[in-house]
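Below you'll find the structure, written out as structure tokens, and then a few comments.
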Protein chains: 2
Amino acid sequence: MTVQAKTRPSPAHEAQKFFFELGMVQRTKVGARLAELGLSFSQAHALRILDPDEPMPMSALAERLFCDASNVTGIADRLEVRGLVRRQSLEGDRRVKALTITPSGMKLREQVMELMSQPPDAIAALSEADQRALRDILARAAAHLRPAD
Amino acid sequence: MTVQAKTRPSPAHEAQKFFFELGMVQRTKVGARLAELGLSFSQAHALRILDPDEPMPMSALAERLFCDASNVTGIADRLEVRGLVRRQSLEGDRRVKALTITPSGMKLREQVMELMSQPPDAIAALSEADQRALRDILARAAAHLRPAD
DNA sequence: GTAGTTATTTGACAACCTCAAGCATTTGGG
DNA sequence: CCCAAATGCTTGAGGTTGTCAAATAACTAC
């Protein structure tokens with residue numbers, strides 16, 4: 001139990017506190033708006049990830065959702081029942097089922113994109129300069145994301 | 001279907017994309033670490049919110065968790081079964097039950113705090129200058145949070 | 001063609017979450 | 001004082017998310 005090691009929290013540590021708080025609030029708000037559309041957060045996120053032009057295998061979706069493949073079955077089921085998505089066996093490999101967005105799914109997807117790409121009020125309220133700086137810094141951080149795979 | 005209206009996304013809109021992505025990745029990572037401690041995300045978050053020195057009424061916790069009071073019953077149950085938390089009827093008003101963290105709950109809480117206050121790798125990898133700027137900007141944003149209530 | 005791999009599904013189980021209803025306690029008006 | 005309304009928590013029903021292990025179907029390689 002040395003006394004050191006907590007000598008100085010890095011600025012990143014301090015930033016994390018705000019980052020987390022903003023994230024929680026935003027998630028709650030967005031969740032409420034999504035509920036009005038009859039969508040859960042996961043369903044909306046899935047809809048967002050799906051490429052309107054390219055059918056996506058369920059396993060690929062599972063990877064993007066950071067969850068088990070068996071979980072995607074249920075999510076796809078519920079989206080499919082509502083006619084937002086269709087399962088389509090891949091020609092060439094009939095094991096894999098790719099998901100396609102239906103026209104009505106596309107309409108809902110638009111709204112979801114609009115909704116979820118909206119920044120938290122607290123961030124929208126920042127000055128232009130702050131917003132730009134924030135965007136640039138987060139862009140640099142996100143760039144660190146891919147190589148880290 | 002006019003063409004305008006999407007003329008120029010604000011920097012905040014662009015920032016949101018990275019913000020969301022970083023948040024998702026972090027949530028997944030933290031979730032995995034928490035699972036090793038036998039805690040769900042909600043349980044950990046609750047443990048974090050509870051004040052070690054001051055018993056907190058369950059309704060207050062519900063508010064901080066942005067969820068229904070009936071939901072807190074279950075979360076508190078599971079924490080209490082593991083001896084991390086105790087229900088304590090408030091003297092003066094026996095309706096309200098306040099949650100206290102037990103010593104063993106405190107030990108776990110320390111680890112949770114440590115774990116969840118750790119910034120995403122992508123942010124920790126930023127330059128000192130970027131980290132500082134990020135912290136300051138997010139602090140300004142978070143300040144906008146409280147008055148907005 | 002047979003054995004092993006791969007993609008999805010199913011079933012069992014647990015947590016989270018909401019809503020409506022119920023219970024105990026407290027508060028306020030007659 | 002007493003009863004009605006309000007408050008804080010719990011319970012029960014019902015739905016979504018999530019995991020794991022086992023089952024199924026289809027592909028691949030020897």
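Chain letters run A, B, ... following the sequence lines, proteins first and then strands; every chain starts at 1. Quick caveat: nothing in here was measured; it's all calculated off a predicted structure.
Straight-line distance from the CG atom of Leu34(A) to the P atom of dT17(D): 11 Å, rounded to whole Å. Going from atom NE2 of His45(B) over to atom C1' of dA15(C) covers 16 Å, rounded to whole Å. With rounding to whole Å, Arg87(B) atom CZ is found 9 Å from dC9(D) atom C1'. In this structure, CZ of Phe41(A) is placed 15 Å from C1' of dG18(D), rounded to the nearest angstrom. One interatomic measurement links the two molecules: CG of Leu61(B) to P of dT10(D), which rounds to 11 Å at whole-angstrom precision. Nucleotide dG15(D) holds its P atom 17 Å from the CD1 atom of Ile75(A), rounded to whole Å. When the P atom of dC16(C) is taken as reference, atom CZ of Phe66(B) falls 17 Å away, rounded to whole Å. Per the geometry, CG belonging to Leu65(B) stands 17 Å off P belonging to dA15(C), to the nearest Å.
For the pair Ser40(A) and dT17(D), the criterion of a side-chain N or O lying under 4.0 Å from OP1 or OP2 is met. Put simply, Thr73(A) has no side-chain N or O that comes within less than 4.0 Å of OP1 or OP2 on dT10(C). Here Lys97(A) reaches the OP1 or OP2 of dT9(C): one of its side-chain N or O atoms lies under 4.0 Å away.
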Can you give one letter per nucleotide of nucleotides 19-26 of chain C, 5' to 3': B if a protein heavy atom sits under 4.0 Å from the base, S if only from the sugar-phosphate, - if neither?
B----BBS
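Residues Arg82(A) and Leu39(A) are in side-chain contact: their nearest non-hydrogen atoms beyond the backbone lie under 4.5 Å apart. The shortest side-chain heavy-atom distance between Val96(A) and Met58(A) does not fall under the 4.5 Å cut-off.
Note on Glu128(B) versus Arg132(B): salt bridge recorded, some NZ/NE/NH1/NH2 to OD/OE distance being below 4.0 Å.
For Ile123(B) against Ala12(A), the heavy-atom pair with the smallest separation is CG2-CB, 4.0 Å.
For the pair Arg27(B) and Phe41(B), the cation sits on the ring face: its NZ or CZ lies under 6.0 Å from the ring centre, inside 45° of the axis.
Residues Phe66(B) and His45(B) place their aromatic rings such that the two centres sit no closer than 6.0 Å.
For the pair Ala76(B) and Cys67(A), both in contact range of DNA chain D, the more 5′-proximal nearest nucleotide belongs to Ala76(B).
Atom CG of Leu79(A) is separated from atom CZ of Arg87(A) by 9.5 Å, given to the nearest 0.5 angstrom.
Of the listed nucleotides (dC9(D), dT17(D), dA15(C)), dA15(C) has the atom at the smallest distance from the side chain of Gln43(B). Here dC9(D) is the nucleotide among dT17(D), dT19(D), dC9(D) with the atom lying nearest to any side-chain atom of Val96(B).
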